[in-house]
Amino acid sequence: MNDEKLQSIDILTFRRDLVEWYKNNKRDLPWRQDQDPYKVWVSEVMLQQTKVDTVIPYFNRFINKFPTIEALAEADEQEVLKEWEGLGYYSRARNLQHAVREVATTYKGQVPNDPDELGALKGVGPYTKGAILSIAYNQPEPAVDGNVMRVLSRVLKIEDDITQQRTKKQFEACARKLIDPQDPSSFNQAVMELGALICTPKSPTCLLCPVQAHCQAFAVGVEEELPIKKKAKKQKKIAYVVLLVADEQGNYIIEKRKDSGLLANLWQFPMVPIEEIGWNHLENWVYGEFGFRVSLGKKQGELRHIFSHLIWQLEIYEARLIGEIVGEQRLQLVNKEELATYPFPVPHQKIMKTLFANE
DNA sequence: AATGCGGGGAA
DNA sequence: TTCCCAGCATT
């Protein structure tokens, strides 16, 4: 379908110009030190929907703590989540460990180089599969992410909506034909590097672009209009009362979240969805839900946290614990030192910080 | 095909 | 504010 678009450029010189630019301009990134398939894998998972600069410190800490497949396979999930704390999309961490354990047992600790085996692993989708195969194993497989779709939509002047699955498959077909069979690793990374450094979403630096001469969008001045992307819908707002419940010794009650869905298996201070509960029923609801009684104390502040699909509006209250906690295994009563060893989502890390600042 | 899933930085 | 980032799983 896009064959006619592909014929509008000289594939051989496009490859040459792009890869040569990459070799002269690529960034020195921690996961480019070697081609260890495990490290390539970890980096690619961390880089899903996450910028390079954000990932670098996480990658270094993670590899330092879990240097090998075996080390990660043997770790506790809570340890892994603690290393992922703040990076977001926590199911990535849980899926990664799940898949690594499978590699340890089923594949004797060797990351499979077979596309079907690799793609069957939890958390390894079309992009990550192609990235590992090309970068670690130098196989000519496409690895199409947001960068690649942006670059190719401009170079080939493709005006289909890139949020559509159909469109992504078109790009994969194009990438498969464009990829340099002599150096798939450099080619794939070159497209992404170009997207990150030159062919940026806004104000691309076309004057410095190594493939400007090949770019159909630049030729007619529509590079800023591409790619075409349908807008996301607005986030839903949810209001919570967050309870800072301390006992006489200064231990705080924390709660482990469910093992699926938002922020799965992370910890937080108890939260009350106040809109649906109502202030009048707060204490009773807390007793029914958590098994402890409180009396609401002073308001400590407010916090707004924006997720990609919803917004938390948090009101933080002190609360006094009355009596005992009756058998709730997802609750823990911990002091401040212990608090720091549990994985928390960012808004609750911020709450913790204000807690410590007040003393 | 549509939706859920984090958090941050750039403009 | 808005965008969007080296996406994937689930429905």
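Note on naming: letters A, B, ... go to the chains in the order of the sequence lines (proteins, then strands), and numbering restarts at 1 for each one. These numbers come from the heavy atoms of this one structure, side chains and all, not from hydrogens, waters or symmetry mates.
Atom-to-atom, CE of A:Met46 to C1' of B:dG8 comes out at 16 Å; the value is rounded to the nearest Å. Here the P atom of nucleotide B:dG9 and the NZ atom of A:Lys202 are 16 Å apart, to the nearest Å. Between A:Arg304 atom CZ and B:dG7 atom P the separation is 15 Å, expressed in whole Å. Spacing between atom CZ of A:Phe344 and atom P of B:dG7 amounts to 13 Å, rounded to whole angstrom units. The separation between A:Leu47 atom CG and B:dG8 atom P is 16 Å, rounded to whole Å. Distance, A:Arg257 CZ to B:dC5 C1': 11 Å, rounded to whole Å. Rounding to whole angstrom units, CG of residue A:Leu87 and P of B:dG8 are separated by 10 Å. Taking atom CZ of A:Phe307 as the reference point, atom P of B:dC5 lies 9 Å away to the nearest angstrom.
Among the protein residues, A:Thr128 comes within range of the sugar-phosphate backbone only, with heavy atoms under 4.0 Å from sugar or phosphate atoms but none that close to a base. Among the heavy atoms of the strands, none lies under 4.0 Å from A:Arg94. Note on A:Val52: a base of the nucleic acid sits closer than 4.0 angstrom, heavy atoms only. Among the protein residues, A:Ser91 comes within range of no part of the nucleic acid, since none of its heavy atoms lies under 4.0 Å from any strand. When heavy atoms are screened at a 4.0 angstrom cut-off, A:Gly261 is found touching the sugar-phosphate backbone but no base atom.
Where A:Gln189 and A:Gly119 meet DNA chain C, the nucleotide closest to each residue was compared, and A:Gln189 sits on the side nearer the 5' end. If you find the closest nucleotide of DNA chain C to A:Gly123 and to A:Arg27, the one lying nearer the 5' end belongs to A:Arg27. Between A:Arg92 and A:Asp53, it is A:Arg92 whose nearest contact on DNA chain B lies nearer the 5' terminus.
Residues that satisfy the ring-ring contact (aromatic ring centres under 6.0 Å, His included) test with A:Trp267, not counting sequence neighbours, are A:Tyr342.
The main-chain N or O of A:Thr163 is never found under 3.5 Å from a side-chain atom of A:Thr167 such that the two would form a donor-acceptor pair. Formation of a donor-acceptor pair under 3.5 Å by the A:Arg150 side chain with backbone atoms of A:Pro227 is not found in this model. Under the 3.5 Å distance criterion, the side-chain polar atoms of A:Ser43 are matched with a main-chain donor or acceptor of A:Val40.
With P as the reference atom, B:dG8 and C:dC8 are 22 Å apart, rounded to whole Å. Atom P of C:dA6 sits at a distance of 25 Å from the matching atom of B:dT3, rounded to the whole Å. C:dC4 and B:dC5 have their P atoms separated by 22 Å, with the value rounded to a whole Å.
Within 6.0 Å of NZ in A:Lys169 there are 12 or fewer heavy atoms belonging to other residues, nucleotides or ligands. Around the CZ atom of A:Arg320, the shell of radius 6.0 Å holds no more than 12 heavy atoms that belong to other residues, nucleotides or ligands.
By the 30° and 60° cut-offs, the orientation of the rings of A:Phe187 relative to A:Phe14 is perpendicular.
Residue side chain A:Thr50 does not reach the base of B:dG8 through any donor-acceptor N/O pair under 3.5 Å, judged by distance alone. The base of B:dG8 lies outside donor-acceptor range of the side chain of A:Thr54, with no N or O pair under 3.5 Å.
When only modelled atom types and interatomic distance are considered, A:Gln182 and A:Arg15 share no side-chain donor-acceptor pair under 3.5 Å.
Residues from residues 228-236 of chain A with heavy atoms under 4.0 angstrom of DNA chain C, sorted by number: A:Lys229, A:Lys231.
Counting 5' to 3', DNA chain C first comes under 4.0 angstrom of a heavy atom of chain A and last does so at the ends given by C:dC3 to C:dA9.
Close to B:dC5, at under 4.0 Å from its OP1 or OP2, lies a side-chain N or O of A:His309.
Taking the six-membered ring for Trp and the full ring otherwise, the centers of A:Phe59 and A:Trp31 sit less than 6.0 Å from each other. For A:Trp84 and A:Phe62, the gap between ring centers is short of 6.0 Å.
In this structure, the side chains of A:Leu314 and A:Arg304 stay at 4.5 Å or more apart for every pair of heavy atoms.
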